[in-house]
Peer 1: 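This is the structure, below, for whatever I ask next.
Just so we're clear, the structure is a prediction, and the values are computed from it rather than from any experiment.
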Amino acid sequence: MGRKINVKHGSHLLEYLYEVLAPQSRTKTKSLLTGGRILVNGSPVRAFDLEIKDGDCIEIADRPAATMGMSGCKNSKRTSHLKGVVLIYEDEHIIVAEKNCGLPSISTGKEGEITAYSVLTDYVRECGGNRVFIVHRLDRETSGLLLFAKDEKTKRCLQDNWNELVLERKYAGVAEGRFDRREGMIVSWLKEHPKSLKMSSSLTDNGGKKAITHYRVLKQTASHAFLEIELETGRKNQIRVQLSSIGHPLAGDKKYGASSNPFSRLALHARTLSFIHPYSDEVMRFESKVPFDF
């Protein structure tokens, strides 16, 4: 349920939000608008200079509202038809979507395989566009937020400047065992086995890629811990292999040593994605609800 604010006097929308949401930072307030979380009288808006008047109702939604893409295809009428993908945000350059567990980000080579990429490509073509471009990936077994580009220039811009543009990537996960520390940082070098394609973790530089993961224990039971996990780097299977390396594999992750599977899936969800828009320079922040079972 979003927060509702009854407008008391005429103003431009952003200026009014600065006023009523103080002392919240101006950057965070502006990101509510650019992220599609502001509705005025029930309609999602992003115009900073929208004229509002006494008696109008502003709502701050818990998650971004579906938007009208530049192609003219109304997302709110299309999301129910997308297989395993929920459209969160779209403009002329990017798409933010949420994928289900079990859906690959991109094809593994199987003919006719349904992927987040193929679903969104079909969607864009139905709306009169051409294709989408993968910017980053999630493992098949991981659910949550993904960023796609709608043209190759945007894809290159996002990938070439990933470390500068991406401000926050957080996951929710359930790991096995009891943690001695409430929070910690895992630093190791990850290397892929050429035959099994399984990643291994080394505390010393073994020629692999350096990976850094931060975690915080939000809740602890006798056998499992609910974690908030933040990536400083983005390597293949990074969270999975690094948590396993410290004796706390994710629940349901048989590949990396889990002995339990309480949710009949890998217990990992890409919950938060925040980045600077490559063209508008606005801070975009999106949050996805944690799976209920977690």
Peer 1: Hey, what's the ring geometry for His93 with His277, parallel, tilted or perpendicular (30° and 60° as the breaks)?
Peer 2: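 Perpendicular: the ring planes of His93 and His277 meet at over 60°.
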
Peer 1: Could you list all the salt bridge (Lys or Arg N to Asp or Glu O under 4.0 Å) pairs where at least one residue sits in residues 175-184, not counting sequence neighbours?
Peer 2: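 Listed by first then second residue: nothing to list.
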
Peer 1: I'd like to know if the side chain of Thr213 pairs up with that of Gln238 as donor and acceptor (distance under 3.5 Å, no hydrogens or angles considered).
Peer 2: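 There is such a pair between these side chains.
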
Peer 1: Distance from Lys30 atom NZ to Leu14 atom CG, nearest 0.5 Å?
Peer 2: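 Lys30 NZ to Leu14 CG: 6.5 Å, rounded to 0.5 Å.
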
Peer 1: Please report the interatomic distance CG(Leu167) to CG(Leu273), rounded to the nearest 0.5 Å.
Peer 2: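 Reported to 0.5 Å precision, the distance equals 9.5 Å.
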
Peer 1: Looking at Phe133, is Arg131 sitting on its ring face, NZ or CZ under 6.0 Å from the six-membered ring centre and within 45 degrees of the normal?
Peer 2: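 Yes; both conditions hold, so Arg131 lies above the ring face of Phe133.
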
Peer 1: For the atom pair OG (Ser201) and CZ (Arg235), what is the distance rounded to the nearest 0.5 Å?
Peer 2: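 Spacing of OG (Ser201) from CZ (Arg235) equals 12.5 Å.
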
Peer 1: For the residue pair His269 and Ser288, confirm or rule out a side-chain donor-acceptor distance under 3.5 Å.
Peer 2: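 Distance-only check passes for His269 and Ser288.
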
Peer 1: Consider only side-chain N and O atoms of Tyr171 and Arg169, and report whether a donor and an acceptor are under 3.5 Å apart.
Peer 2: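 Indeed, the side chains of Tyr171 and Arg169 share at least one donor-acceptor pair under 3.5 Å.
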
Peer 1: Measure the spacing between OH of Tyr117 and CD1 of Ile106 and express it to the nearest 0.5 Å.
Peer 2: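 Answer for the OH-CD1 pair, Tyr117 versus Ile106, is 6.5 Å.
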
Peer 1: Judged by modelled atom types alone, do His248 and Gln242 share a side-chain donor-acceptor pair under 3.5 Å?
Peer 2: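 Checked: His248/Gln242 side chains show no N/O donor-acceptor pair below 3.5 Å.
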
Peer 1: Look at the side chain of Asp122 and the backbone N and O of Glu126, then say whether any donor-acceptor pair between them is shorter than 3.5 Å.
Peer 2: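 Absent.
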
